[in-house]
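The structure appears right after this line, and notes come after that.
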There are 2 protein chains.
Amino acid sequence: MSYAADMSQSLWQRTRRTVRDDIAAAAMELILEQGFAATTMDEIAAQAGVSRRSLFRYFGTKEDVVLRTLANTGEAIAEAVHARPLSETPWEALLAVADGLETAPTWEPARELAIGRMCVETPALRARRAEKHQGWVELLVPEIAVRPASGPVGDAAAEAIVSAALACLDVATDRWVAADGESSLASFFSDAVRAVRG
Amino acid sequence: MSYAADMSQSLWQRTRRTVRDDIAAAAMELILEQGFAATTMDEIAAQAGVSRRSLFRYFGTKEDVVLRTLANTGEAIAEAVHARPLSETPWEALLAVADGLETAPTWEPARELAIGRMCVETPALRARRAEKHQGWVELLVPEIAVRPASGPVGDAAAEAIVSAALACLDVATDRWVAADGESSLASFFSDAVRAVRG
DNA sequence: GTCAGGCTGGCACTCAGTGCCAAGCTGGCA
DNA sequence: TGCCAGCTTGGCACTGAGTGCCAGCCTGAC
């Protein structure tokens, strides 16, 4: 069944966020079937029952249609780090947060796996994901900079730590996707961190 | 004076690499003047004295025109790591290689700074650079995986180490660019690594 | 001299993304 | 109830990146 039918009627009454979600759901249906590169924004617009122009108002780029959830994830991670006791070192806090990631209400393994697979096979998506991660850095730096380590941490050091941690997350995600979601993402993450910190 | 005049005559006789370099030089002249986003591939082609179509044969994307040197850098780094004694740990080798980076014959601080600045202000370029770095990972992993650490290293750990190191390099590059090339890139890199490995 | 293979430029096309404008909806106010 | 201001939508036209195709030209081998 198509999304076009029911969405064309009640679109205006819905809140913006709901519309976004509905469009994204319709888009994912198409993209998972045809692949990211082979799906055009015109097709997505048609499937979602909105005009091409409006589609670009909701999602600035085609990549954002797939990766829209990542911005929220960045804020969620920052909040989770914020919630950790200040006595924890940066890495203790980050590892603890990673452990809790998969139990968050917004965590849907199937969706994350699908996105992960798509990122592996579509460099443009991977690049865009990296950009999003870059955005997370500035969210996370203030949470990390205040934490204790060997010596005062500071912004420069915090930025290095956060960037390295996100690199570990990327590696862990790739491994997790390659393993088809077997085992937990957190375990791959802690493996990566352990390797890096020796 | 323009590149168009002298290049339109002798273009065919030149070797492919030279042509690439000449095109890139002409392009950089334009891009540094107008900015990356405001410069079109048509303008670059005209300035370089080649057709738009041929320009796309030499550089698959607009970003590649600016970042073309990075692929070589990846191989150069891999070779440099290969040349380090096998008794060195991954991080010892990587730090040593970073120290030597700026004395390499291909290292031109002015160009690197210009590229770095452009990457800061143009997300698309930054994303593309990240993609290139991703390509370096597979070059570097075999060089790192054979090195000693606390326990056997292996590919998974090596990938994490290399990715984290490249994240440190990115942070270091940003700082170095922000400092306008004052101090050495290597010192920023070792600062980052020290912060990460605490 | 000629023939095959590779490089070149031109043309037309697809598709992402943007600016502009007119039409419609909504909530507030008289 | 009627009107007005502001926001959203959709349609249109446009720019610019990137690609496929083809025809012409140059080069090197025989």
Side-chain angles (χ1 to χ4, degrees), chain A residues 3-4 6-24 26-27 30-31 34-68 118 122-129 131, chain B residues 3-4 6-24 26-27 30-31 34-68 118 122-129 131:
Chain A
Y3 275 82
D6 53 318
M7 289 200 61
S8 58
Q9 303 158 358
S10 55
L11 205 53
W12 283 343
Q13 297 90 314
R14 307 189 189 200
T15 156
R16 184 174 177 88
R17 158 147 287 160
T18 309
V19 175
R20 252 179 92 89
D21 289 345
D22 286 349
I23 292 176
L30 258 182
I31 290 175
Q34 306 181 347
F36 180 78
T39 305
T40 69
M41 289 296 262
D42 289 82
E43 290 174 315
I44 294 174
Q47 175 87 351
V50 290
S51 73
R52 179 188 146 76
R53 195 62 189 84
S54 286
L55 176 56
F56 273 107
R57 285 200 188 93
Y58 282 100
F59 302 95
T61 69
K62 188 176 161 186
E63 289 78 29
D64 281 339
V65 179
V66 173
L67 301 177
R68 102 219 114 96
M118 233 176 280
T122 310
L125 264 181
R126 194 186 194 85
R128 189 82 185 157
R129 186 179 65 179
E131 250 180 90
Chain B
Y3 275 81
D6 53 318
M7 290 200 60
S8 57
Q9 303 157 358
S10 56
L11 205 54
W12 283 344
Q13 296 90 315
R14 308 188 188 199
T15 156
R16 184 174 176 87
R17 159 146 285 161
T18 309
V19 174
R20 253 179 91 90
D21 289 346
D22 286 348
I23 293 176
L30 258 181
I31 291 175
Q34 307 181 346
F36 180 79
T39 305
T40 70
M41 287 298 259
D42 290 82
E43 291 174 315
I44 293 174
Q47 176 88 350
V50 290
S51 73
R52 180 188 146 76
R53 195 62 189 83
S54 286
L55 176 55
F56 273 107
R57 285 201 188 94
Y58 281 100
F59 302 96
T61 69
K62 188 176 162 186
E63 289 78 30
D64 280 340
V65 179
V66 173
L67 302 177
R68 103 218 113 98
M118 234 177 277
T122 310
L125 265 182
R126 194 188 195 83
R128 189 82 186 155
R129 186 179 65 179
E131 249 180 272

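Below, chains carry the letters A, B, ... as their sequence lines are ordered, and counting in each starts from 1.
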Please give me the minimum heavy-atom distance between B:A45 and B:L55, naming the atom from each residue. N-CD2, 3.7 Å
Spacing between A:I23 atom CD1 and D:dG10 atom C1', to the nearest angstrom: 13 Å
Output the rounded distance in Å from CZ (A:F56) to P (C:dT18). 8 Å
B:R52 CZ to C:dA12 P, in whole Å, measures 14 Å
Nearest whole angstrom, please: distance from the P of C:dA16 to the CD of A:E63. 9 Å
List in chain and number order the residues that pass side chain to side chain donor-acceptor pair (under 3.5 Å) with A:R53, two or more places apart in sequence or in another chain; answer none if no residue qualifies. none
Would you please confirm or rule out a distance under 4.0 Å between OP1 or OP2 of C:dC7 and any side-chain N or O of B:Y58? no
Are B:F36 and B:K62 close enough, and set up right, to give a side chain to side chain contact (heavy atoms under 4.5 Å, CB included), and what steps lead you there? CA-CA 9 Å; B:F36 180 79; B:K62 188 176 162 186; 3.7 Å; yes
With distance as the sole test, does A:R128 use its side chain to make a donor-acceptor pair with the main-chain N or O of A:D64 at under 3.5 Å? no
List the atom of B:E131, the atom of A:P123, and the distance in Å for their closest heavy-atom pair. OE2-CB, 3.4 Å
Check the distance between D:dG16's C1' and B:L55's CG and give it to me in whole angstrom. 13 Å
Nearest-Å distance, CE (A:M41) to P (D:dG10)? 14 Å
Atom pair CD/OG1 of B:Q34 and B:T40 - distance to nearest 0.5 Å: 8.0 Å
For A:D42 and C:dT14, what is the distance between atoms CG and P respectively, to the nearest whole Å? 11 Å
For atom NZ of B:K62 and atom C1' of D:dT19, their distance in whole Å: 18 Å
Might you work through the side chain to side chain contact (heavy atoms under 4.5 Å, CB included) test for B:E63 and B:T122, ending with a clear yes or no? CA-CA 10 Å; B:E63 289 78 30; B:T122 310; over 6 Å; no
Below the 4.0 Å mark, does C:dG9 have OP1 or OP2 next to a side-chain nitrogen or oxygen of B:S54? yes
Distances for protein N/O vs nucleotides 19-22 of chain C N/O pairs under 3.5 angstrom?
| from | atom 1 | to | atom 2 | distance (Å) |
| --- | --- | --- | --- | --- |
| C:dG19 | N7 | A:R53 | NH2 | 2.9 |
| C:dG19 | O6 | A:R53 | NE | 2.5 |

Partner nucleotide, any strand, of D:dA17 [Watson-Crick/G-U, under 3.5 Å]: C:dT14
